[in-house]
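Before any comments, here is the structure.
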Amino acid sequence: MLQQIADAQLTTFVIKDLEHRFLLVDQALADSLGLSVEKMIGRHDLEVGIPERMVLGDSKLGFPGFWALDDEAVKAGCPLHEADSDLRKGSESMYSADTLRTPLRDKDGNITALLVQSRDVSDLIGLHQNLAENRATVELQDGHLSVLGDVLTSLMQNLDLDTLFDHIAETIVVHTRAQSAYIWMLNEAGCYMEAVAAVGPQKRACLGLQRPRGQGIAGKVWEDRKSVFMDKTTVGRYWLPDYIYEQQLCCVPLIVDDDVIGVMVLGSFSWDVSIRPEIALAEKIANIAAIAIKNAQLMASTQAELSRSRALSELGSSLSAISDPYADTDAVCRKLLDTIDINGAVFVVVNEHGTLESYVAWGKLSQEIKRLVLLPAEMVAETICAWCCQTGEEAFISRDQLDARESSRIHAMRDEMNYGSTSCMPVMSAGKVFGALSIVRERQRCDLNEREINVFRTVVNQLSAALERYDLHSALHHQANHDSLTKLPNRRQFEEELSSYLEPKSGNDAVGAVMFMDLDGFKLVNDTLGHGVGDELLKLVACRLSGCLRSEDLLARMGGDEFAVIIKGSQSLEYAVEISTRLSDSLSKPFLIDGSSLNVGTSMGICRFPEDGTNVDDLLRKADVAMYQAKNNGKGQILCFDQTLATKVLKRVQIEYQLRQAIAEEQFELFYQPKVNCQTGIVDGIEALIRWRHPDKGLIAPADFISVAEEAGLINAIGSWVLNEAVWQASQWSDTALGKLRIAVNIAASQFQLENFSSEVLDVLVHHGVPPDRLELEVTESIVMKNLDAVITRLQTLRTAGVRIAIDDFGTGYSSLKYLQDLPLDVLKIDRSFILRLQHEECRQSLVNTILLLASGLGLETVAEGVETLEQKEKLVTLGCSSIQGFYYSVPVLADALPGVVESINALVAPEPHQRAA
Ligand SMILES: Nc1nc2c(ncn2[C@@H]2O[C@H](COP(=O)(O)O[C@H]3[C@@H](O)[C@H](n4cnc5c(=O)[nH]c(N)nc54)O[C@@H]3COP(=O)(O)O)[C@@H](O)[C@H]2O)c(=O)[nH]1
């Protein structure tokens, strides 16, 4: 029955005596040992074939053996549980057991036997091991997942491409057992893989390396499109010199949309720790990295596109405001590098000699835009730019083409400079080729596409239009700033240039001189030979003057026959005088125009800056003042500005200004001075003499303003007023005692130059109803200076009508007998200077006598001016003078006072009423 119990157990069920002999053995154990139960009873473990190291123990396994465990249980006197492991059975296969040894006691309590119950737990342990392995796998995957989560987060944070590449390389080293990492990216044209980021000792050496398809590890992974593990012993030929420290490499392709865009390489410097298992993680990182790279590339190209379109619109607006075609083209070239994704822009121009020269070249080298070295002119002539300039057509060269329109040395240069795709277009202005603009890409990059060429064409067209606008604007500007006759700068340009030159530069005043000149004798040429000759003369003068100056100086035509010069940079008065003398001398030789030899000279005024002024107005005014004075001193003079001179001129200018107001407001009055007949002692005429009643300064004598009026061209207006006023006054006196008196009016020489002068005089007489014989015109000898024939005709017309003509101030001017004969005269007025001291100086007497004889010989009456004394009067009467005028009889008086004055003069000779009666 006990045997039945033993056999019914699921476990090994054995009872042993204290010598380890089996007292009871279950059938299963006997079967497993290939023995019968009976055969085992009474035998110990070794005798039934249980291996010795199980029975007696195995030190290697740390197993004490069945017997030692049996003894231990007996000794302990209580059940002993033992989890045996890795036990080998007879077949040497491994098994594990869970054994309980329970000492059995007799009725006296003594241990007499040992119950051994043992269970085979090998399967259970296997299960445990599987469980542990599974747990490790899950943990590894969990680890990978968390690594990938980190990687994903860090790579998707919108990094720019370069930072992203670096970041990927760093991430690999952080999250795998790799000690170095390299990122290789396919170039734009898909020609090679380029190392763009690296972590590890080879970083510097490796960055920028390029590997074509199939070459090097990156090239091989690109070709095979799958991950690979290599070590130095197995793959020598792909190693190249790229990885000198690494012993093992894991290489993973970066694939997006089935295209290999790059390669990720993980390296380890030791043999001990294999990085082969890292491939799985690296591949997962690569998947994320590839997407992140693609995103960043998209982002970068979108941003580049955005900034290109921004640059394009900026370019458009800067082109519309082009101010200097050269400087602006330079800027356009630079902007083109931003506007179109290119590596170089070159601009060549056709210079004024019609030859091509390289003007500007810009290149984009690792994002930095730099000016490139310009090609020598002879090489420019062999480029595609020259072809474009010659034909006026566009040209395109693809990246791998050697275009026959360029010379072989340009091909060699292209090679050396790594030039690829090129587009060149002519820049035109008003149908004329101005130059050519060319853009270029590095050879490794794709050809310029249609869209990019269109953008380039738009820019070139805009540039051409801008140049056309600029040319037009320049022409207009030139027109506005230059004299069309002499082509010299005009007054406006002169003032602008002087003003900008005078602006203090770096705190220093500009130094130099301004000269103002006016041609002497030009008016005569113009009036006598006509404006055509005058114009030719001005052109020749401009040419001679220009030849005397340095290129930095400026000669301008200020208007009419006036020229001005800016001498820059010299403070020396001597130098200014030297230049002006040179200018003046240059005009000394006659000018030959239409077969006539013409002579002109120049009067010149000089002022210097900063001494005489620091602004345009001051300097021009002062040079003008000096010139004015030079002219007054006599023709052909050069004078430097001085303040006294300026005061005089200022006064003159003020008088001129006020005179204009005086004419407008009729601030003039006529005074009248009687002329007394020497024979009768009776007043036989009066002279009208002008006075200016200035609102502030009171009465101003004609000596203080007539000459200014003559110079300013105001005398004709004043003369008209005097004539009208005097004739009107004569008409007022018509029915009085003064009604028969002849009234003399002073006429300036320029009045005789007026074509309608005689008709004006006659009209005034008619208008006021005064007969012509009551008017006498006093003219000076200066009327013979100009247009003598016309003057004589006018005088004759007047004289024929009955107006008398007197020559005034005789003896002070030309005193030519010829004109005395030619001019139709009635009266000769002897100048006051001859009368003065008449009674003291013998020679004066004979002079006056001669004049009187001359007048009498010519049939002219005579009037002596400025007679102040009785002696003078008596002498003149004795000498036979016709009439006398002077303070001796009366100072000039106002019209109201004149009747009284005349009456009292006449009274001096008229008999008293009682005498008359007698
Ligand atoms: N074109 C015009 N010229 C005019 C006009 N009115 C005057 N003048 C000329 O101005 C000059 C100065 O004239 P005025 O100051 O009026 O002097 C005249 C007399 O006042 C002065 N005079 C007369 N008698 C004496 C005298 O005894 N002593 C003395 N010191 N001066 C005297 O002489 C002037 C007269 O000059 P003239 O005309 O030459 O007879 C003078 O040249 C005027 O011509 C005008 O309307 N238009």
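Quick caveat: nothing in here was measured; it's all calculated off a predicted structure. Remember, it's 1-based here, ligands and their atoms both numbered in the order they're listed. Excluded from the calculations below are hydrogen atoms, water molecules and symmetry mates; all remaining heavy atoms, backbone and side chain alike, are included.
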Run the numbers on Glu776 and Lys675 for salt bridge (Lys or Arg N to Asp or Glu O under 4.0 Å), then give the verdict. CA-CA 12 Å; Glu776 187 171 280; Lys675 296 176 186 177; 3.0 Å; yes

Heavy atom under 4.0 Å from ligand 1: found in Asp808's side chain, backbone, both, or neither? side chain

min-distance protein heavy atom vs atom 2 (C) of ligand 1 -> Asn746 CB, 3.4 Å

At a 4.0 Å threshold, what atoms of ligand 1 neighbour a non-hydrogen atom of Asp809? 39 (O)

So is Arg691 close enough to ligand 1, meaning a heavy atom under 4.0 angstrom away? yes

Give the table of side-chain donor-acceptor pairs shorter than 3.5 Å for residues 884-891, with sequence neighbours excluded, one pair per line with atom names and distance.
| residue | atom | partner | partner atom | Å |
| --- | --- | --- | --- | --- |
| Gln885 | OE1 | Lys829 | NZ | 2.9 |
| Gln885 | NE2 | Gln673 | OE1 | 2.8 |
| Gln885 | NE2 | Glu687 | OE1 | 2.6 |

Residue part near ligand 1, for Val745, under 4.0 Å between non-hydrogen atoms: neither

Shortest protein heavy-atom distance from atom 38 (O) of ligand 1, along with the residue and atom involved: Glu687 OE2, 2.6 Å

Proximal ligand 1 atoms for Lys829, defined as those under 4.0 Å from one of its heavy atoms: 40 (O)

Applying a strict 4.0 Å limit to heavy atoms, is Gly866 in contact with ligand 1? yes

Any pair with a residue in residues 594-607 that passes side chain to side chain donor-acceptor pair (under 3.5 Å), sequence neighbours left out, goes on the list, sorted by first then second residue, please. Asp520-Ser603

Please name the pair of heavy atoms, one in Gln796 and one in Thr800, separated by the smallest distance, quoted to 0.1 Å. O-OG1, 2.5 Å

In terms of residue, atom name and distance, what is the protein heavy atom nearest to atom 21 (C) of ligand 1? Gln673 OE1, 4.5 Å

For ligand 1, which atoms have a heavy atom of Pro702 less than 4.0 angstrom away? 7 (C), 10 (O), 12 (C), 13 (O), 14 (P), 15 (O), 16 (O)

Nearest heavy-atom contact between Ile743 and Ala730 is CG2-CB, 4.1 Å

If you count the atoms of ligand 1 from 1 in the order shown, which ones are under 4.0 Å from a heavy atom of Gly886? 24 (N), 27 (O)

Tell me whether the rings of Phe668 and Trp692 are parallel (<30°), tilted (30 to 60°) or perpendicular (>60°). tilted

shortest atom 34 (C) of ligand 1-to-protein heavy-atom contact is with Leu689 CD2, 4.4 Å

Atom 30 (N) of ligand 1: closest protein heavy atom, distance to 0.1 Å, is Arg832 NH1, 2.8 Å

Here the gap from Asp624 atom CG to Lys622 atom NZ, rounded to the nearest 0.5 Å, amounts to 13.0 Å

Using distance alone, with no hydrogens and no angle criterion, decide if Ser720 and Glu760 have a side-chain donor and acceptor under 3.5 Å apart. yes

Numbered atoms and elements of ligand 1 in range of Val867, under 4.0 angstrom, heavy atoms: 27 (O)

Ligand 1 versus Ile690: contacting region, heavy-atom distance under 4.0 Å: both

Ignoring hydrogens, what is the shortest heavy-atom contact between Trp733 and Ala895? Give both atom names and the distance. CZ2-O, 3.6 Å

At what distance is the nearest protein heavy atom to atom 37 (P) of ligand 1, and which residue and atom is it? Glu865 OE2, 3.2 Å

Show the atoms of ligand 1 that are less than 4.0 angstrom away from any heavy atom in Glu778. 38 (O), 40 (O)

Given 3.5 Å as the limit, does a donor-acceptor pair link the side chain of Arg742 with the main chain of Asp773, or not? yes

Pair Thr780-Asp809, side-chain donor/acceptor within less than 3.5 Å: no

Consider side chain to side chain contact (heavy atoms under 4.5 Å, CB included). Of Gln872, Glu868, Glu874, which one does Leu870 pass it with? Glu874

What pair of heavy atoms forms the shortest contact from Val770 to Val727, and how long is it? CG2-O, 3.5 Å

Would you say atom 41 (C) of ligand 1 has a protein heavy atom nearer than 4.0 Å? no

To the nearest 0.1 Å, how far is atom 20 (O) of ligand 1 from its closest protein heavy atom, and which atom is that? Pro892 CG, 3.4 Å

Identify the closest protein heavy atom to atom 28 (N) of ligand 1: which residue and atom is it, and at what distance? Glu868 OE2, 2.5 Å

When you compare ligand 1 with Phe887, is there at least one nitrogen or oxygen pair between them that comes in under 3.5 angstrom? yes

